[in-house]
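In what follows, a single structure is set out as structure tokens and then discussed.
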Amino acid sequence: MPQREKCVGVWGICWELDRRVAGKVEYTHMRYSQLFGKSLRNVHHNVRSKGYALLLRGGFVRGLGAGLYSFLPLGTRVVEKLYTIIREEMEQLEGQEVTVPLVNPVEIWQRSGRDRLVGSDMIRFRDRGGKTMVLAPSHEEAFVELVKNGIRSYRDLPLFLYQFQHKYRDEERTRSGLLRTKEFTMKDAYSFHRSSSDLNNFFPKVFAAYERIFRRCGLDIEAAESGVGYMGGEKAYEFVVPCEHGDDIMIRCPNCGYKANRDVAMGLKDFTSGSPKPISKVDTPGCNTMDKLSQALSLPKRQLVKSMLLKTLDGVVMAVVRGDNEVSLEKLTRYLKEPVLDIADSDEVKKHGFVPGYLSPIGRHDEIPVIVDGAVAKSTNLVIGANEEGVYYQNSNFGRDYESSHVSDISMITGENRCLQCGGQLEAVRALELGNIFKLGDFYSRSMKLSFREESGKIVYPHMGSYGIGIGRLVGAVAEKLHDERGLQWPSELTPFIFFLMGIGASPTVRQKVEWIYSRFQGEILLDDRKESPGKKFQDAELLGIPYRIVVSPKRQEEDKVEFFDRKNNRSWLVHTNKVLQEMDKLRMAMQRH
């Protein structure tokens with residue numbers, strides 16, 4: 001049996017411990033009266049996410065500022081259990097845990113070329129020696145540098161490393177509590193392989209491990225093709241859960257099962273047809289958006305054209321899509337084979353001789369590439385900007401009024417489109433991204449000169465995979481999906497405690513029995529020893545979402561029984577006092593098997 005001992009902290013907070021054989025100390029008992037972070041009756045009215053509101057009310061997290069959050073003891077216990085799940089799955093794949101610094105020298109980002117891609121999301125600063133440093137939003141560069149100093153030959157591959165590390169991204173719009181933050185913790189992992197085929201063989205194993213991780217967290221996730229963004233690489237998938245507060249849109253086909261992020265989703269696009277009409281100008285004062293133009297001309301947005309100027313590493317390009325569509329930066333990047341950074345601001349637009357809000361490819365003969373979406377190229381008699389303030393062209397037609405050798409699918413698919421694979425009706429689902437996996441190929445190893453020599457003497461650049469899970473985001477998603485009107489419902493592997501123990505009334509025999517259960521049980525138990533009303537204790541027990549509640553009351557004293565309550569199944573039953581510990585062990589073992 002583990003040795004029981006008591007530990008009194010500096011501030012008098014008392015945890016009771018189990019000391020395991022391996023020397024690891026695991027906190028198993030806690031008195032609610034001494035727990036830092038009590039429940040709240042209400043939260044601020046601006047909190048719209050139900051899951052985040054419950055985490056606040058239950059004392060799991062607290063906000064420090066926009067996009068900045070602290071985890072309290074209950075929340076930290078949940079996070080530590082999540083770490084355990086992830087470590088178990090990573091170690092099954094022979095992953096080795098390391099930690100690289102949050103702060104990186106900017107030089108390694110310059111070597112990969114990504115310092116120009118990330119933009120204002122990455123915080124740059126100078127240390128006291130004048131050297132430029134960055135708060136890393138991801139750690140591909142740092143891991144490549146680590147591996148460069150750690151492998152000696154091809155015999156050291158494959159190599160799979162992972163870490164739990166803070167990241168910082170200066171998000172413009174934080175939202176929904178833990179679902180989009182500035183500072184966050186990620187489990188990120190990186191694999192290094194001798195060839196692309198070795199990477200391709202390993203990739204599905206991580207895919208399956210991620211599915212198991214999310215399943216163990218009680219979530220029904222969906223895997224969808226996604227864009228690579230500034231991570232770069234050849235292929236990417238994201239693991240999402242449908243969620244009304246999600247910041248992603250997943251396009252899926254209920255008929256054939258096709259799933260992809262809106263940025264990369266493919267679909268059948270309709271187009272308008274008819275005989276081309278003569279082009280003419282129309283005055284549209286103040287109509288510098290598609291919505292205003294549609295209202296002024298009484299035309300659906302599918303008959304309008306939206307022209308946009310976008311910045312790349314080498315200059316600007318013009319993208320031309322239909323008024324009811326949005327430009328996909330990911331698709332445009334894939335077509336151009338160079339990163340598209342952002343939409344040009346009004347000053348940039350004017351610098352190139354265009355009028356903001358009325359951009360047009362008509363009459364332009366400069367060297368700015370014009371990429372036209374296929375739906376525009378196939379449609380007839382569309383309204384397009386005239387590059388004059390308050391003026392548009394009516395009845396413009398591609399091929400007659402303007403030309404381009406660059407025609408491609410560069411717009412986002414919506415739920416109104418049909419599936420390219422089976423012709424079924426697509427649907428757009430708001431979703432929350434919880435993890436992603438990337439095939440990076442040899443981009444980083446080549447750009448950062450990570451190489452080894454094979455038996456034949458040939459120099460080979462390792463092929464990399466990158467795999468990430470947002471820890472706080474995952475905790476927030478579990479809270480968002482697993483709750484009812486009374487509070488949270490933690491899955492068995494994430495719950496901060498297994499049992500919530502409480503007594504009713506001031507009877508000495510009730511208190512003695514409560515203390516007897518608390519002191520004798522060798523497992524995770526939260527004792528509500530506060531001088532609160534029974535109603536308040538019952539309310540908090542359900543709010544915290546701990547799976548089992550145990551109540552000692554005068555009503556059951558005569559029968560020498562204790563009441564058990566199953567939070568998830570809303571079921572209660574009585575157990576004789578001399579079998580309480582046995583019942584608790586049985587429930588704990590059942591949770592572990594599940």
Side-chain angles (χ1 to χ4, degrees), residues 2 17-28 60 71 73-102 136 138-140 142-143 146-147 150 158-167 178 183-193 202-219 221 223 237-239 241 433-438 464-479 482 490-498 523-524 588-589 591-594:
L17 312 177
D18 276 345
R19 186 169 298 280
R20 304 300 178 186
V21 175
K24 178 183 177 182
V25 176
E26 180 179 320
Y27 299 98
T28 61
F60 291 86
F71 280 85
L74 287 177
T76 299
R77 289 180 67 87
V78 174
V79 169
E80 287 297 329
K81 290 193 172 186
L82 179 53
Y83 286 170
T84 297
I85 293 173
I86 293 173
R87 283 190 176 106
E88 289 175 358
E89 295 295 343
M90 294 298 99
E91 288 169 10
Q92 282 191 37
L93 300 178
E94 300 184 354
Q96 301 177 62
E97 185 172 355
V98 299
T99 304
V100 300
L102 164 63
S138 68
H139 280 96
E140 283 72 16
F143 268 79
L146 182 67
V147 171
L159 177 65
F160 186 38
L161 304 175
Y162 73 96
Q163 70 167 351
F164 297 96
Q165 178 58 290
H166 294 296
K167 317 279 184 183
L178 300 178
E183 181 184 338
F184 53 96
T185 301
M186 279 196 72
K187 187 291 300 182
D188 47 338
Y190 304 89
S191 63
F192 299 81
H193 306 268
F202 183 72
F203 201 73
K205 297 178 183 179
V206 184
F207 190 105
Y210 269 40
E211 289 184 314
R212 290 193 298 270
I213 289 168
F214 297 125
R215 190 161 55 244
R216 291 174 67 176
C217 292
L219 297 175
I221 55 91
Y237 294 91
E238 61 184 14
F239 296 86
V241 60
E433 176 196 345
L434 302 179
N436 45 53
I437 57 178
F438 299 85
M464 288 177 59
S466 175
Y467 320 91
I469 292 176
I471 300 300
R473 177 177 277 233
L474 180 49
V475 172
V478 171
L482 302 181
W490 292 111
S492 60
E493 293 198 68
L494 289 185
T495 180
F497 292 94
I498 298 174
E524 297 181 345
R588 176 176 58 182
M589 295 299 294
M591 285 182 62
Q592 292 172 350
R593 286 195 301 272
H594 181 73

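Here, residue 1 is the first one in the sequence, and each next residue gets the next number. Bear in mind that the values here come from a model prediction, so they are computed numbers and not experimental data.
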Minimum heavy-atom distance K167-L102, with the two atoms named: CA-CD1, 4.1 Å

For E88, side chain to side chain donor-acceptor pair (under 3.5 Å) partners two or more places apart: R216

Rounded distance [0.5 Å steps], CZ in R588 versus CD1 in I498: 6.5 Å

Residue pair R473, M186: steps toward the side-chain contact (heavy atoms from CB on, under 4.5 Å) verdict: CA-CA 9 Å; R473 177 177 277 233; M186 279 196 72; over 6 Å; no

Between NZ on residue K81 and CD1 on residue I86, distance to nearest 0.5 Å: 15.0 Å

Minimal non-hydrogen separation, S466 against E140, with atom names: OG-OE2, 3.1 Å

L494 side chain near V475 side chain, heavy-atom distance below 4.5 Å: no

Verdict with reasoning, F71 to I471, per side-chain contact (heavy atoms from CB on, under 4.5 Å): CA-CA 12 Å; F71 280 85; I471 300 300; over 6 Å; no

Point-to-point distance, once rounded to the nearest 0.5 Å, from CE of M90 to CD of Q96: 13.5 Å

Between CZ on residue R215 and CD1 on residue I85, distance to nearest 0.5 Å: 12.0 Å

Closest non-hydrogen atom pair, V478 against C217: CG2-O, 3.8 Å

Working for side-chain contact (heavy atoms from CB on, under 4.5 Å), residues L82 and I469: CA-CA 11 Å; L82 179 53; I469 292 176; 5.8 Å; no

Parallel, tilted or perpendicular: rings of F164 and Y162 (30°, 60°): perpendicular

Side-chain touch V147/L161, heavy atoms, less than 4.5 angstrom: yes

Nearest heavy-atom neighbours spanning T495 and E524: O-OE1, 4.2 Å

Pair R87-E97, side-chain contact (heavy atoms from CB on, under 4.5 Å): steps then yes or no: CA-CA 8 Å; R87 283 190 176 106; E97 185 172 355; 2.7 Å; yes

OH/Y237: more than 12 non-hydrogen atoms of other groups inside 6.0 Å: no

Test: R77 cationic atom under 6.0 Å from F497 six-membered ring centre, within 45° of axis: yes

Straight-line distance of F239 CZ to L474 CG, nearest 0.5 Å: 12.5 Å

Donor-acceptor contacts, no H, no angles, side chain residues 206-214, under 3.5 Å, sequence neighbours left out:
residue : atom : partner : partner atom : Å
Y210    : OH   : K187    : NZ           : 2.6
Y210    : OH   : Y467    : O            : 3.3
Y210    : OH   : G468    : N            : 3.0
R212    : NE   : E89     : OE1          : 2.8
R212    : NH2  : E89     : OE1          : 3.1

Taking every non-hydrogen atom, the tightest pair across V241 and A477: CG1-CB, 4.5 Å

Flag, side chain of Q163 to backbone of V100, donor-acceptor distance under 3.5 Å: yes

